Amino acid sequence: MIQIIIHGRGGQGAVKAAQLLALAASLEGKYAQAFPQFGVERSGAPVEAYCRISDEFILLRSHIYSADYAIVLDPSLLNVKNIIAKKLLVNTKKHLKDSFTFDATSIAMKIFGRPVVNTIMLAAFSFFTKTISKKSLLEACKETFSGIVLKKNLLAVEEAYKKIK
Amino acid sequence: MSTNGSNNGERREIKMKKIPRAISCSKAIAEAVRLCKPAVVAAYPITPQTLIVEELAKMHAERILDCEFVNAESEHSALSICIGAQATGSRTFTATSSQGLALMHEMLFIASGLRLPIVMVVANRALSAPINIWCDHSDTMASRDSGWLQFYCESVQEAHDTVIQAYKIAESVLLPAMVCIDGFTLSHVTENAELIKNLKNFLPPYKPCCKLDPSRPITIGAIVPPEFYFEFKMQQQKAMLLAQKTIKKINLEFKKRFYRSYGDGLIETFNLEKAKKAIIALGSQCSTIKYVINLKKNTEFGLIRLKCFRPFPGKELVAACENIEEVYVIDRAISFGNGAPLYTEVKATLPEKIKVKSYLIGIGGQDVSPEIIKKLIK
């Protein structure tokens, strides 16, 4: 079982990212479970969302206490909370030791005009960890979004892949 | 009775075609409600129930849910609207949580006393004060004596299936039903679940024996003197007891048709064959308990999950505990001044030789972690 925590700030799409990840994994014939750790919901407040992916039905329903991966949508969160995981993927321009890093904000600002980085970071996550394929990520986006939002998200994922390569 | 590890229902008879895709609990519930074709949906938003009503409102706006959709001004009104509509012979649905259920309290008894088989999903949430939006069972436990059937679900799949079963059960015994799902830990979960596509030959249209109809006027719920009032209440009690048989029957019928079942419909046991000790619990935490039991090889612990709390499956519980020496009852609600509701009822049901211990876990959304369960199962 792979356990992933997504750290973001209210409005960045952390909760949706966990759902997309679960949906993408399930489209590949895996069992998946996603749920948010809700606090008092405000834009900009730290938010956590969890995702488990497994080849067997997932019984465990607690919060995630030992994550395989942490996806950090906002690098400033590294200063305010203790983020622990076997491997981190951080949205930043900087290079961080022992972590995957990717500048998702630049792409988000170009495409969405605001720092909604969830699908872009999932593209990076898919590229670095191979936990889900690009194909199923795009498929999950198609199932979740529609209209202009879908168009922009598909573009964002493609753009992210291009940049990484 | 199910003893397999999956809380996704028994699937022994047929090979799974493929693993179903992940879907949010609120969507799975809304899809189940849509299939049951309620004529009236009335609700007032409250966290963590809101997502369910939002899904239904969206379906209504997209014209794939053909019903009267009423945004009520309070939960008291929402249930009152369902009561009025149901009394005219219409199938209805509502959903609420916590303070919303507390505000409905007065009308809960009207619905059950009038024998109106309304189905309501309750996303379990702690009661104020102080304000807390997270899960415990204090809301539904406070309405356990209101004459409503109460089912507690463990998974998204079970929430979807139970809404459908609840309509059939409620309409068979003429009692309203609460489908309880843990707030956030189930209501906000996205996981693999298979949606039922059609209910043909399973849930017939709602046709009550009598209804409010201007062309054939009748009176319901009028004042009755003591001798008749007692008669009415005994009929409700009889219906509750009859419901136990009905629930088992419909559980089997559901299994035949959709290849899934949840224990015998009333209780589900896990790893109980050789167990000397059993945990008794309700709701989504049972998955985590199963997970911990699976981790421990040769543990003397099993699990008894009450899917149905009202009617209380006393006979089934005693039978399940035949070889059990000690039970650990987990409550997510407190009965101030006398312990905890599930514990009290289990203690009153089981023979004296079985030792019954009481634990309060997961109050006000405290995470039911594997570590907490491991401390119980030493």
Side-chain angles (χ1 to χ4, degrees), chain A residues 1 3-6 13-42 45 47-67 118 131-132 136-137 139-144 146-147, chain B residues 4-9 11 16-27 47-48 51 125 131-135 154-157 182-194 270 283-295 303 362 365-373:
Chain A
M1 184 165 63
Q3 304 196 89
I4 304 145
I5 305 184
I6 300 169
V15 176
K16 190 58 97 189
Q19 288 173 344
L20 282 167
L21 200 50
L23 178 57
S26 77
L27 292 173
E28 292 177 12
K30 287 178 182 150
Y31 286 102
Q33 178 202 70
F35 59 101
Q37 153 75 304
F38 263 92
V40 180
E41 297 137 287
R42 286 164 311 202
V47 172
E48 276 177 32
Y50 304 117
C51 185
R52 295 188 169 100
I53 298 170
S54 173
D55 292 328
E56 282 160 32
F57 188 84
I58 301 160
L59 284 169
L60 187 57
R61 290 192 184 279
S62 69
H63 296 169
I64 291 175
Y65 294 96
S66 65
N118 54 359
T131 306
I132 53 164
S136 50
L137 174 59
E139 199 57 43
C141 286
K142 284 177 198 162
E143 298 242 337
T144 307
S146 62
Chain B
N4 63 345
S6 157
N7 66 343
N8 230 18
R11 296 167 175 277
M16 282 262 301
K17 277 169 277 169
K18 59 174 191 177
I19 293 168
R21 65 181 47 186
I23 185 166
S24 73
C25 191
S26 46
K27 185 89 195 283
T47 301
L51 295 177
R125 164 183 157 182
I131 285 193
N132 176 296
I133 59 166
W134 294 274
C135 175
E154 189 187 334
S155 64
V156 171
Q157 184 72 68
D182 288 342
F184 294 111
T185 47
L186 192 54
S187 69
H188 283 55
V189 166
T190 294
E191 67 182 5
N192 311 68
E194 200 179 325
F270 180 79
S284 66
Q285 56 183 337
C286 293
S287 289
T288 304
I289 297 168
K290 288 173 183 174
Y291 172 84
V292 175
I293 289 175
N294 276 345
L295 284 183
L303 168 73
Q366 271 185 337
D367 190 35
V368 183
S369 66
E371 294 311 313
I372 289 177
I373 304 300

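These figures come from a predicted structure and were not determined experimentally. First the proteins, then the strands, lettered A, B, ... as listed; each starts at 1.
Heavy atoms closer than 4.5 Å to chain B are found in both the backbone and the side chain of A:Leu23. With a threshold of 4.5 angstrom between heavy atoms, A:Tyr50 does not approach chain B through any atom at all. Only the side chain of A:Glu143 comes within contact range of chain B, with heavy atoms under 4.5 Å apart. For chain A, the nearby part of B:Leu186 is the side chain; its heavy atoms alone come within less than 4.5 Å. With a 4.5 Å cut-off on non-hydrogen atoms, B:Val189 touches chain A through its backbone and its side chain both.
Distance check, rounded to the nearest 0.5 Å: CZ of B:Arg21 to OG of A:Ser136 gives 11.5 Å. Separation of atoms CG (A:Leu59) and OG (B:Ser155) is listed at 10.0 Å; rounding is to 0.5 Å. Between the OG atom of B:Ser369 and the NE2 atom of A:His63 there is a distance of 9.5 Å, given to the nearest 0.5 Å. Within the model, atoms CG of B:Asn192 and CD of A:Gln33 stand 9.5 Å from one another, a figure rounded to the nearest 0.5 Å.
When atom types are taken as modelled, the side chain of A:Arg61 and the backbone of B:Glu154 share a donor-acceptor pair closer than 3.5 angstrom.
Annotation: A:Lys16, atom NZ; neighbour count of heavy atoms from other residues, nucleotides and ligands within 6.0 Å does not exceed 12.
What you find for A:Ser26 and B:Ala22 is that their closest heavy atoms are OG-N, 2.8 Å.
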Open item on the list: Run A:Phe57 and B:Ile19 through side-chain contact (heavy atoms from CB on, under 4.5 Å) and show every step you take.
Closed with: CA-CA 10 Å; A:Phe57 188 84; B:Ile19 293 168; over 6 Å; no
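Taking B:Val292, B:Asp182, B:Thr190, B:Thr185 one by one and counting their heavy-atom pairs under 4.5 Å with chain A, the maximum is reached by B:Thr190. In terms of heavy-atom pairs under 4.5 angstrom with chain B, the leader among A:Ala25, A:Ala22, A:Ala32 is A:Ala32.
Here A:Leu60 pairs with A:Met1, A:Gln3, A:Arg52, A:Ser62, B:Thr288, B:Tyr291, B:Pro370 under the side chain to side chain contact (heavy atoms under 4.5 Å, CB included) rule; sequence neighbours left out.
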